[in-house]
Structure formats: structure tokens, C-alpha cells
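Data block below; observations after.
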Amino acid sequence: MAANNRRMSGKKGAQVGSGGKRRRGLEGKGPTPPAEARKGHAKQRAAQARSRRAQSRTKGPRAKGTSELVVGRNSVVEALREGVPASTLYVQQFIDSDERVREALQLAAERGGINLMEAPRPELDRMTNGLNHQGLVLQVPPYEYAHPEDLADAAADEGEDPLIVALDGVTDPRNLGAVVRSVSAFGGHGVVVPERRAAGMTAGAWKTSAGAAARTPVARATNLTRALEAYKKAGIVVVGLAADGEAELGDLEALGGPVAIVVGSEGKGLSRLVGETCDFRVRIPMPGGTESLNAGVAAGIVLYEAARRRS
């Protein structure tokens with residue numbers, strides 16, 4: 001009976017100890033690591049972005065376009081007025097000076113950094129392949145394109161969600177210039193264009209951008225589909241514009257976050273591979289019945305909606 005009482009008592013017998021684990025668990029884990037070392041912190045992402053850019057610089061120079069010649073008195077004066085980059089202004093020897101010639105010389109002198117070269121007419125004929133140059137030829141240096149990753153890295157540096165526009169099959173430089181202008185106006189981080197069969201940053205694109213090309217980078221992708229897939233791996237939502245898109249623009253919540261907007265050509269729209277790469281295909285409602293919008297107008301509408309959601 002006594003043994004039974006002992007078994008029924010509330011006293012605990014011998015127990016297995018913690019081996020000091022509880023005491024060690026109460027000990028501090030050392031000083032808090034700096035923000036750059038904390039996983040997921042904005043400063044860590046910015047540091048990683050700087051590191052990637054440094055590595056890309058060691059791999060070689062950025063892609064460059066080809067130099068371009070702007071020919072004719074009116075075209076040269078307009079290019080100089082709009083701030084199109086220029087390296088040399090060629091003036092024909094013994095030219096009959098008029099108001100446009102004098103303005104071109106004045107604008108080149110005021111800007112600085114533009115070489116003034118006098119050349120005989122046969123030399124200008126040779127340079128322009130016999131075009132009617134009217135005694136004035138402006139040389140535009142090659143455009144230095146960014147890398148597609150640079151655009152996302154720039155957003156990380158600013159602590160912002162990337163807002164990027166990619167153009168698929170847009171061949172008119174004026175459309176490219178208009179898109180660059182819209183991206184700049186609505187706080188975007190740049191434009192991506194394919195290396196082949198697409199408009200580049202020519203003098204026409206510079207003029208249409210109305211100076212925005214000096215502030216907004218344009219990146220050139222060897223393969224646009226792969227560039228978009230890299231964006232997706234980096235957490236950027238890829239949104240393609242299509243007349244038969246499954247979602248309507250006003251219903252797309254993704255525009256409020258990291259996004260790359262893909263705009264196709266006015267006639268063909270998105271190519272098949274690019275369309276399949278997109279996370280969403282959206283349409284712009286057009287009560288007026290217009291079948292399609294050019295790339296510049298379409299990009300501007302979507303960028304406005306994205307900026308509105310981010311404000």
C-alpha cells in the first residue's frame with residue numbers, strides 16, 4: 001500500500017536535462033549585421049545591383065549603334081534645335097550662306113563640343129552618296145545602348161519597383177522616340193529594343209523624344225524573349241499589350257508593382273514567342289471602335305495607368 005501511495009503521489013521523479021541548450025538559447029547572437037548583408041533588404045539589393053553592373057563593365061563595352069549623317073539645311077537645323085547629339089558639322093566651301101546656314105553655325109558654336117569642318121562639295125557628295133545635302137551635313141555619333149539588366153538595376157538603386165517598356169517589332173524610329181518620351185514623363189526606368197528588325201536610336205528618334213532620350217536609357221537585347229524571361233526570374237511581371245488580351249487594362253493589379261510592358265507593332269502585334277512569354281496579355285478598351293493604336297500612344301496609356309497605381 002505504501003508503494004502504491006508513492007506511485008500515486010504528485011512528486012516527479014528524475015527527468016532528462018536539457019544539456020545546457022536552454023541556457024545557450026538565451027545567449028545573444030551577436031551584433032545585428034549591416035543592411036547590405038541582410039537577405040531581402042533594399043540596401044542588399046542595391047549592393048547586388050552595383051556588383052552586377054561592375055561585372056558587366058569588366059566583360060566589355062556596351063553595344064553601340066552606327067554613326068549617322070543628317071543631311072540638308074532644314075534637317076540639320078532641326079536636329080541641332082532638338083539637342084540631337086552631334087560630333088561634327090560639315091559645311092561646304094564657298095557656300096551661299098542663308099538664315100538656316102547661319103543658325104546651324106550659331107547653334108553648333110553655342111552647344112560646344114561639335115567640330116566645324118569645311119569640305120569641298122565633291123567630298124560631301126561622296127559622304128552622302130549623292131544626296132541633296134545643300135552644303136550642310138551633321139554627323140551623329142553612335143548611340144551607346146544599355147544592357148537590359150541595367151534598367152532593373154537602376155530601379156533597385158532608387159529603391160523603386162522597375163517600370164520598363166519593351167518594344168517587339170516596332171520599326172519606326174519616331175515611335176521609339178515617342179515611347180522614350182512617355183517613359184520619361186511617367187517615371188519609367190528605360191526602354192528595351194531588339195537588336196534586329198527594330199528601330200534604333202537614330203536622329204529621328206532623338207528628335208521625337210524631345211530631349212527625353214538624354215535622361216531615359218534605351219537597352220538593346222540580342223534576344224528579346226530571353227531578356228523578358230530574365231526579367232521574370234528577377235520578379236518582374238511581364239505584361240503584353242494585345243487587342244485580344246484576356247484581361248482589361250483597368251483590372252490589372254500587377255501594374256502597381258515591378259512590371260515590364262511589352263508593346264508590339266501596329267500591324268502584327270506581339271510575336272508568338274514574346275506573347276507566350278508574357279505573364280498577362282491585356283487589352284486597352286476603345287469604345288470608339290479603333291482597331292489598334294500606334295506603339296507610342298499605347299505605351300503612353302499603359303504608363304499612365306501604372307503611374308496612377310503607384311502614386
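Counting from 1, the numbers follow the sequence of the chain as shown. Everything quoted here is computed from the prediction, not taken from an experiment.
Ser87 meets the side chain to side chain contact (heavy atoms under 4.5 Å, CB included) test with Gln139, Pro141; sequence neighbours excluded. Remark: Asp279 engages Lys232 in a salt bridge (Lys or Arg N to Asp or Glu O under 4.0 Å) (not counting sequence neighbours). Applying the side-chain hydrogen bond (donor to acceptor under 3.5 Å, both in side chains) test to Arg283 and every residue at least two apart in sequence or in another chain returns nothing.
Formation of a donor-acceptor pair under 3.5 Å by the Thr277 side chain with backbone atoms of Leu273 is found in this model. Judged by distance alone, the side chain of Ser311 and the main-chain N or O of Arg308 form a donor-acceptor pair under 3.5 Å. Between the side chain of Glu68 and the backbone N or O of Val140, no donor-acceptor pair lies under 3.5 Å. In terms of modelled atom types and a separation under 3.5 Å, the side chain of Asp168 and the main chain of Ser271 share a donor-acceptor contact.
The hydrophobic clustering, which links ILVMFWY residues whose side-chain heavy atoms are closer than 4.5 Å, places Tyr145 and Ile164 apart. By the criterion of side-chain heavy atoms lying less than 4.5 angstrom apart, applied directly or through intervening Ile, Leu, Val, Met, Phe, Trp or Tyr residues, Ile236 is grouped together with Leu224 in one hydrophobic cluster. In the hydrophobic clustering of this structure, Val192 groups with Leu228; members are Ile, Leu, Val, Met, Phe, Trp, Tyr whose side-chain heavy atoms approach within less than 4.5 Å, directly or through other members. Two different hydrophobic clusters hold Phe186 and Val262 under the rule that ILVMFWY side chains link at heavy-atom gaps under 4.5 Å. One hydrophobic cluster, built from ILVMFWY side chains closer than 4.5 Å, cannot hold both Phe280 and Val274; they sit in different ones.
In the hydrophobic clustering, Tyr90 connects to Leu69, Val71, Met117, Leu124, Met127, Leu131, Val137, either directly or through intervening members, whenever side-chain heavy atoms lie under 4.5 Å apart.
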All N/O donor-acceptor pairs, side-chain side in residues 237-254, below 3.5 Å, sequence neighbours left out:
from: Asp244; atom 1: OD1; to: Arg281; atom 2: NH2; distance (Å): 2.7
from: Glu246; atom 1: OE2; to: Arg281; atom 2: NH1; distance (Å): 2.9
from: Glu253; atom 1: OE1; to: Arg309; atom 2: NH1; distance (Å): 3.2

Enumerate, atom names and distances included, each donor-acceptor pair closer than 3.5 Å involving a side-chain atom of residues 198-209, sequence neighbours excluded.
from: Thr202; atom 1: OG1; to: Gly204; atom 2: N; distance (Å): 3.4
from: Thr202; atom 1: OG1; to: Ala205; atom 2: N; distance (Å): 3.4
from: Thr208; atom 1: OG1; to: Gly204; atom 2: O; distance (Å): 2.9
from: Ser209; atom 1: OG; to: Trp206; atom 2: O; distance (Å): 2.8
from: Ser209; atom 1: OG; to: Ala213; atom 2: N; distance (Å): 3.3

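Counting non-hydrogen atoms of other residues, nucleotides and ligands closer than 6.0 Å to CZ of Arg310 gives a total above 12. Within a 6.0 Å sphere centred on CZ of Arg111, heavy atoms belonging to other residues, nucleotides or ligands number more than 12.
Of all non-hydrogen atoms in Ser265 and Gly169, the two that sit nearest each other are CB-O, 3.3 Å.
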### Query
Going through the checks in order, is the salt bridge (Lys or Arg N to Asp or Glu O under 4.0 Å) test met by Glu99 and Arg102?
CA-CA 5 Å; Glu99 184 177 343; Arg102 290 191 293 271; 5.6 Å; no

### Task
Could you check Lys233 against Glu229 for salt bridge (Lys or Arg N to Asp or Glu O under 4.0 Å), going step by step and ending with a plain yes or no?
CA-CA 6 Å; Lys233 290 179 181 178; Glu229 289 173 346; over 6 Å; no

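Rounded to the nearest 0.5 Å, atoms CZ (Arg181) and CZ (Arg215) are 9.5 Å apart.
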